[in-house]
Amino acid sequence: MGIKGRDIITTHSLSKEDIEYILSSSEKMQKLLEDGKSHELLRGKILATLFFEPSTRTRLSFESAMNRLGGSVIGFSEASNTSVKKGETLADTIRTVDQYCDVIAMRHPIEGSAELAAQFAKAPIINGGDGAHAHPTQTLLDLYTIKKEMGKIEGLKIALTGDLKYSRTAHSLSYSLAMLGAELVFASPEQLKMTEDFTSDLKRDFGVNIEEKTQLEDVISDVDVLYVTRIQGERFPEPAEYEKVKGLFKVDLELLKKAKEDMMIMHPLPRVDEIHPSVDKTKHARYFEQAFYGIPTRMALIAGVLGVEV
Ligand code: NCD
């Protein structure tokens, strides 16, 4: 059992048992956090955070998680300050950093970069997002949020909405949700539908039937969780295409009149305009709690890959 020594690159490689292990370890980590004492579980261990793409929550929660467990952090949040600027390859950067740390969390704009890094590092690589492909640690904190806030995952009707073509959060989350027995609904503008690659994986591996809609109004009344994503403007090959879809999907108080009493709204954040700020005060909003859950989940993940039991 456990995830000692493993790279965490996509959710495809996380079994039900792996996920249960990480969620129960996250629960223990949350208790450690709540008792307010300092902890030394990872004293002497070093996490490197290599962020080649912007990040607020992912990088800072990885660093906070490592600090909370008594470990240390090195890294960069701006590749232009590193030898990448001089033309160094990702493989050489990774081979070097590997000698300075025990575990590496990285984010990179190119799909497949985390997988490539894993081939050159002895230390476990944790993928903090590779282009539009995958974001497995976000999925783990999303699953933990659903479990904590709704009490279960199996049997819930969960709508993934917004930009399903380019959102790596939606790609990774849909796989684990299908595996854990949630009922999936996809709602996105026609141009931003989940690509065939991802839906065919879900159908092949889990035989699921997925409802696909093009309006939030079509899904709002019967879902338990509304997972909202940002339109990923920076990933559109043509800016004109982004102009056509930006602002199309918006959650506001009017829409919420049709929602179930205990429906929960999630968002990996950052948001732009897809959730109106007036929604923040409603009982449905849980996206800032979700951001908090990134800490216990990443504490569990780092300790897990380093083989340290809580
Ligand atoms: C997401 C990401 O980077 O994919 N953010 C995050 O990690 N919480 C979502 C996004 O950028 O829209």
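Heads up: numbering here begins at 1 and tracks the sequence. One-based numbering, in listed order, for ligands and for the atoms of each. As the structure is a computational prediction, the values presented were derived from the model and not from experiment.
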- Can you tell which of Val97, Thr89, Thr96 makes a side-chain contact (heavy atoms from CB on, under 4.5 Å) with Thr93?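 Result: among Val97, Thr89, Thr96, Val97 is the only option passing the side-chain contact (heavy atoms from CB on, under 4.5 Å) with Thr93.
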- Message: Within the 3.5 Å criterion, strictly below it, is a donor on Glu63 or Thr49 matched to an acceptor on the partner's side chain?
- Response: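 Yes, side-chain donor-acceptor contact under 3.5 Å.
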- Is there a donor in the side chain of His284 and an acceptor in the side chain of Thr282, or the other way round, less than 3.5 Å apart?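 Absent: no donor and acceptor within the cut-off.
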- Any chance the rings of Tyr166 and Phe236 have centres within less than 6.0 Å?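 That pair passes the under 6.0 Å test.
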- Message: For the aromatic rings, using the six-membered ring if either is Trp, is the centroid distance between His267 and Tyr227 under 6.0 Å?
- Response: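 For His267 and Tyr227, the ring centres are not under 6.0 Å apart.
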- When you look for protein heavy atoms under 4.0 Å from ligand 1, which residues do they belong to?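 Residues within 4.0 Å of ligand 1: Thr58, Arg107, His135, Gln138, Arg168, Thr169, Arg230, Gln232, Pro268, Leu269, Pro270.
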May I have the list of side-chain donor-acceptor pairs in residues 120-140 shorter than 3.5 Å, sequence neighbours left out?
| from | atom 1 | to | atom 2 | distance (Å) |
| --- | --- | --- | --- | --- |
| Asn127 | OD1 | Gly129 | N | 2.8 |
| Asn127 | OD1 | Asp130 | N | 3.4 |
| Asn127 | ND2 | Ile9 | O | 2.9 |
| Asn127 | ND2 | Asp130 | OD1 | 3.0 |
| Asp130 | OD1 | His133 | ND1 | 3.3 |
| Asp130 | OD1 | Ala134 | N | 3.1 |
| Asp130 | OD2 | Gly112 | N | 2.8 |
| Asp130 | OD2 | His133 | ND1 | 2.8 |
| His135 | NE2 | Arg107 | NH2 | 3.2 |
| Thr137 | OG1 | Arg298 | NE | 3.4 |
| Thr137 | OG1 | Arg298 | NH2 | 2.9 |
| Gln138 | NE2 | Asp142 | OD1 | 2.9 |
| Thr139 | OG1 | Leu173 | N | 3.1 |

